[in-house]
Amino acid sequence: MSKKSYREAINEAIAQEMRRDENVLVWGEDNVGGTGGDGEQDAWGGVLGVTKGLYPEFGGERVMDTPISESAFIGAAAGAAATGLRPVVELMFVDFMGVCFDQIFNQAAKFRYMFGGKAVTPMVVRTMYGAGFRAASQHSQALYSVFTHIPGLKVVIPSSPYEAKGLMTQAIRDDDPVIFFENKVMYDEVEEVPDDPYTIPFGEARFTREGDDLTIVAIGRMVQFANDAADQLEKEGISCTVLDPRTTSPMDTESIIESVEETGRLVVVDESHPRCSMASDVSSIVAQNAFKALKGPIQMVTSPHTPVPFAPELEDQYLPDANKIVASAKLAMAS
Amino acid sequence: MSKKSYREAINEAIAQEMRRDENVLVWGEDNVGGTGGDGEQDAWGGVLGVTKGLYPEFGGERVMDTPISESAFIGAAAGAAATGLRPVVELMFVDFMGVCFDQIFNQAAKFRYMFGGKAVTPMVVRTMYGAGFRAASQHSQALYSVFTHIPGLKVVIPSSPYEAKGLMTQAIRDDDPVIFFENKVMYDEVEEVPDDPYTIPFGEARFTREGDDLTIVAIGRMVQFANDAADQLEKEGISCTVLDPRTTSPMDTESIIESVEETGRLVVVDESHPRCSMASDVSSIVAQNAFKALKGPIQMVTSPHTPVPFAPELEDQYLPDANKIVASAKLAMAS
Amino acid sequence: MQLSREELLESYRVMRTIRDFEERVHEEFSSGGIPGFVHLYSGEEASAAGICQHLSDKDAIASTHRGHGHCIAKGCDVREMMLEIYGRGEGLCGGKGGSMHIADLSKGMMGANGIVGGGPPLICGAALTAKYKKTGGVAIAFVGDGGSNQGTTFESYNLAKVWDLPVIFVVEDNGYAEATSSKWSVGGTQTDRATGFGMPSVAVDGHDFFAVHDAAGEVIERARNGGGPSLMHVKLNRFFGHFEGDAMTYRAEGEVARLREEKDSLKIFRAHVTKEDLLSNDEMDKVDQDVAKLIDDSVKESEKAAPPHFDKLETDVYVTY
Amino acid sequence: MQLSREELLESYRVMRTIRDFEERVHEEFSSGGIPGFVHLYSGEEASAAGICQHLSDKDAIASTHRGHGHCIAKGCDVREMMLEIYGRGEGLCGGKGGSMHIADLSKGMMGANGIVGGGPPLICGAALTAKYKKTGGVAIAFVGDGGSNQGTTFESYNLAKVWDLPVIFVVEDNGYAEATSSKWSVGGTQTDRATGFGMPSVAVDGHDFFAVHDAAGEVIERARNGGGPSLMHVKLNRFFGHFEGDAMTYRAEGEVARLREEKDSLKIFRAHVTKEDLLSNDEMDKVDQDVAKLIDDSVKESEKAAPPHFDKLETDVYVTY
Ligand SMILES: Cc1ncc(C[n+]2csc(CCOP(=O)(O)OP(=O)(O)O)c2C)c(N)n1
Ligand SMILES: Cc1ncc(C[n+]2csc(CCOP(=O)(O)OP(=O)(O)O)c2C)c(N)n1
Ligand SMILES: [Mg+2]
Ligand SMILES: [Mg+2]
């Protein structure tokens, strides 16, 4: 056990799996960083340094740079996975999905079904999401809802360093294509993380707060904000459960439903755009399956139906935060 | 007024707008069909003949074939729209979005916001969706939920020939990027359609049945099935409102909420995959905004979380149908 | 490259099987027995056969929407293919894939593909597996002239070059992408494009099994020996429409009849091997009979076979979920 | 192509403005005044300036993430650009775009672009508008060596060729895509790639304003006269890291210092025009002073300027909704 950042936790999980299984390979733009040049190799280890150190340890046969050709190199991961490797490949920002989505949603995701259950495609696509980085409209989106919509994909959104390591280890060992969403604002956050490998199973929610009055379901980085909000609400006499689904596909709908059956109230916190979102998804599942227990309207806290603005003042306003969650929680309690 | 098919209605709307405004141009794969060859020109008019006849009337400067390069020619539509044309461009099947989505969701959709309100991007992307055509996993999806998720896009899903013509005319005259979803199974359906141009405004739902006991919100082709179900239910003494949102972005949430406030019960019918879908979206909006009126759980009738199978027997089972809607309606009534 | 009598006969069998398969599917589709989008490979047999003759199960191919020929040449079971095209539970993909998604990974057949340009990225991955695991395998992506304009294809050219992969890109140029002529839709030439990416390339008459076979032998050998990717531009023709149901009015009057007369790869093959005394007409006639029976049996079985059990609808989405 | 004294001085002003703008943004970023991802164009000035000298507002350009230089050369207001980079309400895009999304459609500047390869498809559309409306305009897409490997770029090469559009693709090859060398990542050569698509092309030293200007003149004239698309391979270097914050350890020791010494387009320009007696040092010094003041004023104003009003968050998504 030692303090590790979200970045280090992910890096360590990958390194340990690479040591364990020689079929695990890593590639992406500048995942080494420096290929072909006269300076340092492993100069970058990915644009925010997550894969740094893998190249020196595992060498150029297992850790590779790529041209800026996402369709080709992510499709190559699908093809490699279907033929016996276990690639961990990087789609730098999920905002770039638009140049390569076909290889993910029509190829990797559908092989198994289209081929009558005969394909196994164990690949992990690591990708960064989320606002708050001053990176504007094309580098700040939280598009996990789109991936969650697609049958055949698994979608993982770790909300802390501990979660990140355990979920990444599971993702690499998993036999299905996994999209692993890393919140770019969280890389430097630290917590105690075991040194040995461990897995966190997919489809099992975790509870970060337990309470009787209200269930808050929060996605990824929003879990922190939900915790803050819960702590604040506690002081005002409102006792909240905070539930982190960890994976949105598969999703632990049972735990969500059970929790709402206990509390009778639901707030969903999702930093994505509101329409056809995870907020919609969780709300609808509860409205269908735990209706009788509901004491008031479900509240959704999301970003607006608006691209992510550049100006810091606007971006800060754009994202959900603890205050907005508290306000929604009070609305949920009022009715 | 005359009987027109869904195909003819769309074709007529485009032709009339092309006559009205010389800045309306049409392109896509085989939208002429025959370019460069020794046989007939206008041989195809699109893979299912929707644009047939435009090339002979408007000529090769306004109606064009393209190479199979969706990013380039759909991006070209965005670039042309931002510089003064009004392209109506075809993404043959919406399943192909994965090779060109960037130009739609990061470019066309975001110009106006990123450029501080100074861009106007009047383009229409026509695209086919839906199962039931025996076209299997990569030619049968109903991905409108993904487009509805994206701020900056308008999303139109006409449910009949009359709707198709009026909504297409509006789409072409609209100053924002519009994704126009044509259900490929409906092209030969006919109904009375006015000969003169007319528009149907975006964001105004239509009611195809009015009833007191239950609101059925249905998307695109599902409206027919919802009507059938409503007729069947009527006979059993359950009186339904059927609401067709027509456009999912903008969406007439007011009418949906009002209707549920009257009936107290909601069934949403959406042929897409269930997660983060239009079914989720409509359900969540009602669960948040019309909760007090709800007398029972919201029911969603969708396809399963499964790619579209090829075998006709499986595909028939895959889609929602009137029987499934009736069953869900009864569930909604029972509680 | 010299082929043994057995190998020649086997190649003839492959070509004849493709031809008969496709002509029969055409008939059955017309009479309503087969559902869906079906794209036939008749006329292009020498390409699949000439190339795949060099391959074994450790080599991978990725195909296109027009995949039946590639499947047959790569060794997929013909009976199970027919069952699949009919959407039957015993089909190669359990009836879930259909014509555009036939695959058999155990044979190195990585799938037909409903997405134009879908295969080249995948094949880079298969090639990487072969290279990393040192299997000696090569990986081949078939694309059409139309698919040769898809961005995914170009990216794959570059990735294969930069990663130095044992890949061959085979551009099967049948003159049309749907109804659009490749004379118009392809800027530059296929071989110049290869040069643009630093790849060697070769253009070949795709009606001539021997020309294809020779050219393929060279590029495949280079790839196997660590010489990196190459491109083949195979010029050929299709005898049917783009898909079943296509009236082909974009083709010149009489074009297909002339092609069937002059550019029939099976006739050309037979003329060659008999003239050179490599095979006898009798031997080949025997193959024709065997194949006819195989296809006929497959159709008959497929017509009667059961659809997938209804509880299969939601299986096979994940390994675990 | 002979440039008038005025034109030369104007080109010098453009280059100097870019240089000063970027060097100052570098400083202000380092001291924390500027948020976000910022990619600087210092070292590449001769490319934007030499090409855009041929253009007017009716011509369109599409830029990249490294867009400041293209914006300035295409006539965007420098003060409003700086305000935008600071995220201010008075910025060119109301503070909503930031460095990677500066655009001014009224000037034919169709936007920097956060997506590598995002611009070439758009520019095909702008070229189509020009062709259809017979404005005589041309459209130019800038891409980096990294962006030259993106599928969208290749598709655009082909579309521009097949549709015969007045497009110029300018590959600004600064040797790196982020930390990856273009010596490794680019299979083949840029000019051979152009040939592959049937386009004429030219390679040019991008530190030399006059070389760029001449080469651009030719390809632009061809496009204006209906001669179709071309490609320019412009070889140059960047003086800063990929983005602000990049430690550049992937570059050889002393690489940047040497480049600043030997490959400074402003120095090269000045040496040339003084040697040939085309401009005097005094004239240029005067420009330097003007530009220095302009940049300084812009920064001072930007520092103090107000952010966008909070009610702007949800405006400008649609024209109507
Ligand atoms: C990305 C994508 N775009 C368009 C299509 C529709 N489509 C299917 S086949 C085809 C033509 C392909 O032409 P070519 O590559 O020459 O192959 P051929 O049919 O001639 O064998 C098209 C446009 C598709 N399936 N995928
Ligand atoms: C589609 C896409 N992939 C990756 C990135 C991340 N990215 C931004 S700039 C860059 C390098 C671009 O290199 P190059 O085209 O040579 O331009 P330069 O930075 O050298 O000017 C990368 C990989 C992106 N913005 N978009
Ligand atoms: Mg073809
Ligand atoms: Mg570069």
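So that the names make sense, note that chain A is the first sequence line, chain B the second, and so on, each numbered from 1.
When atom types are taken as modelled, the side chain of C/Glu155 and the backbone of D/Gln150 share no donor-acceptor pair closer than 3.5 angstrom. Not a single donor-acceptor pair under 3.5 Å links the side chain of C/Asn158 to the backbone N or O of D/Asn149.
Other residues, nucleotides and ligands contribute at most 12 non-hydrogen atoms within 6.0 Å of the NZ atom of D/Lys235.
Put simply, of D/Ser156, D/Gly196, D/Ala194, D/Gly151, the one with the most heavy-atom pairs under 4.5 Å next to chain C is D/Gly196. Comparing D/Gly198, D/Gly117, D/Gly187 by heavy-atom pairs within less than 4.5 Å of chain C, the highest count is held by D/Gly187. Per-residue heavy-atom pair counts under 4.5 Å with chain D were compared for C/Thr152, C/Asp192, C/Val186, C/Thr153, and the maximum is reached by C/Asp192.
Proximity to chain D (any heavy atom under 4.5 Å) is shown, for C/Gln190, by neither the backbone nor the side chain. For a residue to count as touching a neighbouring chain, one of its non-hydrogen atoms must lie under 4.5 Å from one of that chain's; by this rule C/Thr195 touches chain D with backbone and side chain alike.
Atom CZ in C/Phe197 sits 3.5 Å away from atom CZ in D/Phe154 (nearest 0.5 Å).
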